[in-house]
Amino acid sequence: MNSPCRWTLSLAAALGLATSAWAQDMVTPTEPETETETRTEMAPAHGEAGRVGPEFAVSGNVGLGAGYVYKNGLSAAGTVESLKITDSATVSIPVIVELGFRATPRFYLGVWGSWEKVFTKENPLSCPEGFDCSTQQWRIGPEVRYHLSPGGGFDPWIGLGVGLEILDSHVEGTTQLQVAPGVFVPANVDTNVTDRGPTFARLTLGGDIRLSRALSVGPIITASMGSYTVRTGSQTVDITGVGSREGPLARVDDGFHGLFTLGLRLAVLPL
């Protein structure tokens, strides 16, 4: 083969090798980018995954009430009286328990229940001077809740529920009972009363501060409207030298009221 032909073939071979190397350089960098994009698409949104499942919470609170225990009741003196919550109690200490299911990272469905010790006041209607008085209340009902930032370090939420409330009171003490004009004898009075009725609406506000993947702590505020619509119980009077007798409670009208709590809540979150 002559010299010009050899030169031409050598030049073609060199150009071919250079073109192949350039093409490989253009293809190679795109492969990691494709893998990176795939990994990005497969990765779940931060904080959203895994936040579905059962949830449990408990909180300690301070409670206040406004409105009436009952209206238009007959007092021991024979007068018609209404008993306000603020006249019969100072504060209460509710313990609230919640159990439910986080259907999505934002929506929770569950039930709530509470027991609260009520600190009573002396008053002529529900706790006369010198009497031993104890009152406690149970409440229970369903609730739905919406979480505003389930993936954040602080997750504020709002809830709405209804329920049933039961107020149990026991009053016992000694008094002077009039048995005839100007004649009084000592008598022991033992009264057990249960007032119950619906919680028409219960609004809750709070927030979860993440301590770990499974635990959070934060404030909780509740405000509810309800009414004691049913009153049951009995009153036993033991007159010295005469004996005891048991009788029904006087009829009363419904007691519409509001109950409010403020506390600190610990929650076990779904993983």
Side-chain angles (χ1 to χ4, degrees), residues 39-67 85 89-119 135-168 197-226 257-271:
R39 286 195 298 267
T40 302
E41 291 174 357
M42 293 177 63
H46 176 68
E48 292 289 329
R51 297 296 301 276
V52 174
E55 181 174 325
F56 171 80
V58 61
S59 61
N61 302 261
V62 176
L64 296 171
I85 291 179
T90 53
V91 298
S92 64
I93 304 296
V95 177
I96 303 174
V97 176
E98 305 164 39
L99 180 62
F101 192 85
R102 191 77 74 87
T104 73
R106 293 184 182 273
F107 283 98
Y108 163 93
L109 299 171
V111 294
W112 62 276
S114 69
W115 172 85
E116 56 190 296
K117 168 66 178 176
V118 180
F119 293 89
T135 300
Q136 54 189 337
Q137 179 164 244
W138 293 267
R139 296 196 288 163
I140 189 170
E143 179 184 30
V144 60
R145 196 162 63 224
Y146 180 76
H147 290 257
L148 300 178
S149 182
F154 176 67
D155 177 19
W157 49 262
I158 181 171
L160 184 64
V162 295
L164 172 70
E165 47 197 63
I166 302 171
L167 184 70
D168 185 47
T199 301
F200 300 120
R202 177 179 181 264
L203 178 67
T204 56
L205 300 172
D208 293 336
I209 302 171
R210 268 297 179 90
L211 300 179
S212 68
R213 180 170 175 80
L215 292 176
S216 74
V217 67
I220 179 173
I221 301 172
T222 76
S224 62
M225 296 184 298
H257 55 264
L259 300 175
F260 311 91
T261 70
L262 171 64
L264 187 65
R265 176 177 176 271
L266 177 67
V268 180
L269 303 174
L271 297 176

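Below, all heavy atoms of this structure are taken into account, side chains as well, without hydrogens, waters or symmetry copies. Throughout, numbering of the chain's residues begins at 1 and tracks the sequence.
Applying the side chain to side chain donor-acceptor pair (under 3.5 Å) test to T261 and every residue at least two apart in sequence or in another chain returns T222. Taking E143 as the reference, T204 meet the side chain to side chain donor-acceptor pair (under 3.5 Å) condition, with sequence neighbours excluded. Residues passing the side chain to side chain contact (heavy atoms under 4.5 Å, CB included) test with F200 are P198, S227, F256, sequence neighbours excluded. With sequence neighbours left out, L262 forms a side chain to side chain contact (heavy atoms under 4.5 Å, CB included) with I221. In this structure P54 satisfies the side chain to side chain contact (heavy atoms under 4.5 Å, CB included) test together with F101, sequence neighbours excluded. F56 pairs by the ring pair (Phe, Tyr, Trp, His ring centres under 6.0 Å) definition with nothing, not counting sequence neighbours. Scored by the ring pair (Phe, Tyr, Trp, His ring centres under 6.0 Å) test, Y146 finds F107 as partners (sequence neighbours excluded). Taking the side chain to side chain donor-acceptor pair (under 3.5 Å) definition, one finds that R145 meets it with E55, E98, H147, sequence neighbours left out. Contacts of D208 classified as salt bridge (charged side-chain N to carboxylate O under 4.0 Å, His left out), with partners at least two apart in sequence or in another chain: R265. Residues meeting the side chain to side chain donor-acceptor pair (under 3.5 Å) test with W115, sequence neighbours left out: Q136.
Within the 4.5 Å cutoff, the side chain of W157 has heavy atoms near those of the I220 side chain. In this structure the side chain of E165 never reaches within 4.5 angstrom of the side chain of R202, judged on heavy atoms. Contact check for L164 versus T199: no side-chain heavy atoms found under the 4.5 Å cut-off. At least one side-chain heavy atom of I158 sits under 4.5 Å from a side-chain heavy atom of L203.
Screening residues 151-163 for salt bridge (Lys or Arg N to Asp or Glu O under 4.0 Å), with sequence neighbours left out, gives no hits. For residues 214-225, no pair satisfies salt bridge (Lys or Arg N to Asp or Glu O under 4.0 Å), with sequence neighbours left out.
Minimum heavy-atom separation, G63 to P94: N-CD, 3.7 Å.
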